[in-house]
A.B. asks: 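Got a structure here, written out as structure tokens. Questions coming.
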2 protein chains.
Amino acid sequence: MTCAPQNVPFTEGQARACTVREVLDRVGGKWSISILVSASHGPVRFTELERHIEGISRRMLTLTLRNLERDGLLHRTVHPTVPPKVEYVATPMALELYESLVALTNWAERHRRAIAEARTRYDAQHTG
Amino acid sequence: MTCAPQNVPFTEGQARACTVREVLDRVGGKWSISILVSASHGPVRFTELERHIEGISRRMLTLTLRNLERDGLLHRTVHPTVPPKVEYVATPMALELYESLVALTNWAERHRRAIAEARTRYDAQHTG
DNA sequence: CAGTATCCCGTCAGATACTG
DNA sequence: CAGTATCTGACGGGATACTG
């Protein structure tokens, strides 16, 4: 999935924007990151995830797990026991992604307050 | 906007996931990054953006600009001339964000092929 | 030029109930 | 335990037409 028709030349900056979108298309979903984090410390079971991740529905857990597995970010192991036991674990690729997010979380922490203030200011300005 | 009720203790990992979501809530939109990139090299006008960003609609351009301005990532200047001239430029905070995305784009480039292959494999496996 | 105003549709996500 | 099935509403985003 490309960002623009390949025959259209675009600037290096927009190419970069396109690359960022690739990432967002994988882990931009509401629950993807939480799941990856939980599965980055070792195998976790379905119900464990359901308990650890506040507010997720069974449906969205399943869907997001499937997508992450499809993209090669999660590995799924089925133990043919009774009752069934299924474990999910982050792949090396996903662990690298996790590392790459550090810069981003640092940014968010540094500017959390400034963003909140900007919002308040904007909303005050644009009322009435 | 918090990720979970504040009275619920959660692990450090989930706190990090929450922080990542903060960023995604700002720039997770389909066009946010493209706009920020365009406005990071100096002031750009509305119509310039419309031309440079392949496929964006006038409506989404306006909406995304407003949101970015509200979050303090973009600064908007209106020149009271005829015809009107409005310029947008990325704030220092947005430039820092742009820097923080480098790690992420590197990750995407390194694993682009692996992800595509994983998808193909998964889809082949789950057909029929 | 730099927007608004409408209408419309597809996808994301929640709620609930059922099952191998 | 680990899902699937179905229904539903909210929201993001596209197309088009109009305006100070």
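What you are looking at is a predicted structure, and each value in this text was computed from that prediction instead of being measured. Side chains included, hydrogens not; waters and symmetry mates left out as well; all remaining heavy atoms used.
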A.B. asks: Using salt bridge (Lys or Arg N to Asp or Glu O under 4.0 Å) as the criterion, list what pairs up with B/R66, not counting sequence neighbours.
C.D. replies: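 Residues passing salt bridge (Lys or Arg N to Asp or Glu O under 4.0 Å) with B/R66: none at all.
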
A.B. asks: Are side-chain heavy atoms of A/N67 and A/L73 found at a separation under 4.5 Å?
C.D. replies: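 The answer is no; the side chains never approach within 4.5 Å.
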
A.B. asks: How many whole angstroms separate atom CG of A/N67 from atom C1' of C/dC12?
C.D. replies: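 Atom-to-atom, A/N67 to C/dC12, this comes out as 11 Å.
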
A.B. asks: Rounded to whole angstroms, how far apart are CZ on B/R26 and P on D/dG12?
C.D. replies: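 Going from B/R26 (CZ) to D/dG12 (P), I get 14 Å.
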
A.B. asks: Less than 4.0 angstrom from a charged side-chain N to a carboxylate O is my criterion; do B/D25 and B/R21 meet it?
C.D. replies: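 Counted as a salt bridge, because a side-chain N and a carboxylate O are separated by less than 4.0 Å.
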
A.B. asks: Quick test of your reading: applying ring pair (Phe, Tyr, Trp, His ring centres under 6.0 Å), list the pairs with at least one residue in residues 62-110 of chain B, sequence neighbours left out, ordered by first then second residue.
C.D. replies: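 The answer is B/W107-B/H111.
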
A.B. asks: Counting primed atoms plus P, OP1 and OP2 as sugar-phosphate and everything else as base, spell out the protein contacts along nucleotides 1-8 of chain C at 4.0 Å heavy-atom distance: B, S or - for each nucleotide, 5' to 3'.
C.D. replies: BBBB-B--

A.B. asks: Rounding to a whole Å, what distance do you find between A/M60:CE and D/dA5:C1'?
C.D. replies: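 So the two atoms are 15 Å apart, to the nearest Å.
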
A.B. asks: Nearest-Å distance, CZ (B/R21) to C1' (C/dC12)?
C.D. replies: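 For the pair B/R21 CZ and C/dC12 C1', the rounded distance is 12 Å.
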
A.B. asks: According to side chain to side chain contact (heavy atoms under 4.5 Å, CB included), who are the partners of B/P84, at least two apart in sequence or on a separate chain?
C.D. replies: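 Residues passing side chain to side chain contact (heavy atoms under 4.5 Å, CB included) with B/P84: none at all.
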
A.B. asks: Identify, with sequence neighbours excluded, every residue that meets salt bridge (Lys or Arg N to Asp or Glu O under 4.0 Å) alongside A/R110.
C.D. replies: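 If we apply the salt bridge (Lys or Arg N to Asp or Glu O under 4.0 Å) test to A/R110, skipping adjacent residues, the hits are B/E96.
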
A.B. asks: A/L24 CG to D/dG13 P: how many Å, rounded?
C.D. replies: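 Spelled out: CG on A/L24 to P on D/dG13 is 11 Å.
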
A.B. asks: Taking side chain to side chain donor-acceptor pair (under 3.5 Å) as the test, write out the residues that go with A/T105, two or more places apart.
C.D. replies: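 A/T105: side chain to side chain donor-acceptor pair (under 3.5 Å) contacts with B/R16.
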
A.B. asks: What is the separation between atom CG on B/L63 and atom P on D/dG12, rounded to the nearest whole Å?
C.D. replies: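 Rounded to whole Å, this separation is 9 Å.
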
A.B. asks: Return the value, rounded to whole Å, for the distance between atom NZ of B/K30 and atom C1' of D/dG13.
C.D. replies: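 Rounded to the whole Å, the gap is 7 Å.
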
A.B. asks: Mind calculating the distance between CG (A/D25) and P (D/dG13) to the nearest angstrom?
C.D. replies: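 Whole-Å distance recorded here is 11 Å.
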
A.B. asks: Could you list the residues that satisfy side chain to side chain contact (heavy atoms under 4.5 Å, CB included) with B/E99, not counting sequence neighbours?
C.D. replies: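 With neighbours one apart ignored, the set is empty.
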
A.B. asks: Using Watson-Crick and G-U wobble pairs with both distances under 3.5 Å, what is the 5'-to-3' dot-bracket string of DNA chain D, with [ ] for crossing pairs and | for pairs outside the strand?
C.D. replies: ||||||||||||||||||||

A.B. asks: So which pairs with a foot in residues 35-46 of chain B pass side-chain hydrogen bond (donor to acceptor under 3.5 Å, both in side chains), sequence neighbours left out?
C.D. replies: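 Residue pairs passing side-chain hydrogen bond (donor to acceptor under 3.5 Å, both in side chains), neighbours aside: A/Q14-B/S38.
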
